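To start, the structure itself, in structure tokens.
Since we're looking at a predicted model, the values are computed, not measured. In the text below, chain A, chain B and the rest are named by the order of the sequence lines, each starting its count at 1.
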2 protein chains.
Amino acid sequence: MKQAHEVFMDYLRDNGLSMTPQRAMIVDAFLSEEGHFTSEELFTKVRQRDPAIGLATVYRTLKLLTDSGLADAFDPGDGVSLYEHNYGHEHHDHLICIVCNRKVEIMDAEIEERQRQLARENGFELQNHRMLLYGICPECDEKGGH
Amino acid sequence: MKQAHEVFMDYLRDNGLSMTPQRAMIVDAFLSEEGHFTSEELFTKVRQRDPAIGLATVYRTLKLLTDSGLADAFDPGDGVSLYEHNYGHEHHDHLICIVCNRKVEIMDAEIEERQRQLARENGFELQNHRMLLYGICPECDEKGGH
DNA sequence: GAAATATTGATTCTCAATTTCAATAAATAT
DNA sequence: ATATTTATTGAAATTGAGAATCAATATTTC
């Protein structure tokens, strides 16, 4: 598999865009993040390396990352987008604790198949989907359930 | 089954709230809407009946409607909440055309069961879920696919 | 009815995300 | 290389949905 960095370079080239020091640094910071993170969290990390980089550039680069297929963005429900790596990672959805906000990655082949089938039954060509399950995690259930 | 209006009255009473002319009118307008609609669309309809009603009151009443179980709110992905009737209506998710924005209500018992199962496997008590399928509808596929 | 409480509409505020714009940098042509 | 065109940047202003504020009004309770 191609390196993530290479995928980004290819995307830039194919779209007539240039690699810049800022983009390189933001992509590096992005790739070194783990799990889910907000644009602000990435911005903070980027700022630690170069305080001159602006928030707008982080947003712009996150869009490039998303469009290039390296990043996946989703809104867990509070209006603040979360980003995560989407290259070399299996597709998954999320199970979210409504108390502590913990997010567990979930995946079910049967659901995925039924989704495709549902779309097909309605004559739709399925492109994408978003599934969020909300519940109370074991730890919070234990603490709160007395 | 209780009338929707009665459900709202009960909710108000149980929460120490009062029925007011504004709430009555907004609830009526809400109940006469079909399908999915935004807060702005409901506001427009309410304004036609009484231009004195403020947008804030529409938002406040939509929250009451949601909390009372009469309305369901969801964000199709663009940050603008859609509302729909949720009383006397079967639960359903949505299949959305990414071209014309058309929304089809979908429901699959197998998916629902697997969702519960997935939550259970992770020790979660499932409270809620949100599933959106994005694709291209037959009409748009026909028009665009040449 | 009087006092306490709730609700209203207008307005302001919030906050993430986008857009604007002049300055700078990069790519391309000469 | 140098000029010219084009793209990118950071700061700041803007956007837009929704929530919060607040004085005025309405409703409920005593």
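- Rounded to an integer number of Å, the gap from CZ of A:Phe43 to C1' of D:dG10 is 10 Å.
- Not counting sequence neighbours, the partners of B:His91 by the side chain to side chain contact (heavy atoms under 4.5 Å, CB included) test are B:Asp93, B:Met107, B:Glu112, B:His129.
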Side-chain donor-acceptor pairs under 3.5 Å in residues 68-75 of chain A, sequence neighbours left out?
| from | atom 1 | to | atom 2 | distance (Å) |
| --- | --- | --- | --- | --- |
| A:Ser68 | OG | A:Leu64 | O | 3.1 |
| A:Ser68 | OG | A:Leu65 | O | 2.9 |
| A:Asp75 | OD1 | A:Gly77 | N | 2.7 |
| A:Asp75 | OD1 | A:Asp78 | N | 3.2 |
| A:Asp75 | OD1 | A:Gly79 | N | 3.1 |
| A:Asp75 | OD2 | A:Gly79 | N | 3.3 |

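- In this structure, the CD1 atom of B:Ile53 is 14 Å from the P atom of D:dA26, given to the nearest Å.
- Residues satisfying the ring-ring contact (aromatic ring centres under 6.0 Å, His included) test with B:His92, not counting sequence neighbours, are B:His94.
- Here D:dT8 presents its C1' atom at 15 Å from CE of A:Met25, a figure rounded to the nearest Å.
- Proximity of A:Lys45 to A:Ser32: side-chain heavy atoms (C-beta onward) are separated by under 4.5 Å at one or more points.
- For the pair B:Asp50 CG and C:dA10 P, the computed distance is 10 Å after rounding to whole Å.
- At whole-Å resolution of the value, CG in B:Asn15 and C1' in C:dT7 are 15 Å apart.
- Contact record, A:Gly54 with A:Arg47: CA-NH2, 4.3 Å, taken as the closest heavy-atom pair.
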Using residues 16-29 of chain B as the side-chain source, report each donor-acceptor pair under 3.5 Å to any protein atom, sequence neighbours left out, with the distance given to one decimal.
| from | atom 1 | to | atom 2 | distance (Å) |
| --- | --- | --- | --- | --- |
| B:Thr20 | OG1 | B:Arg23 | N | 3.1 |
| B:Arg23 | NH1 | B:Ser18 | O | 2.7 |

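- Atom pair A:Asp75:CG and D:dA17:C1' shows a separation of 13 Å (rounding to whole Å applied).
- Where B:Gly54 and B:Gly16 meet DNA chain C, the nucleotide closest to each residue was compared, and B:Gly16 sits on the side nearer the 5' end.
- For the side chain to side chain contact (heavy atoms under 4.5 Å, CB included) test, residues two or more places apart in sequence or in another chain that qualify with A:Lys63 are A:Asp67.
- Atom CD in A:Gln22 sits roughly 17 Å away from atom P in D:dA7 (whole-Å rounding).
- Of the candidate nucleotides D:dG10, D:dT8, C:dT7, D:dT8 has the atom lying nearest to any side-chain atom of A:Arg23.
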Where protein sits on nucleotides 15-30 of chain C, one letter per nucleotide: B base, S sugar-phosphate only, - none, heavy atoms under 4.0 Å: -SBBBB-----SS---
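- Distance CZ (B:Arg13) to P (D:dT28): 13 Å, rounded to an integer number of Å.
- Using a 4.0 Å heavy-atom criterion, one finds that A:Arg47 contacts the sugar-phosphate atoms exclusively.
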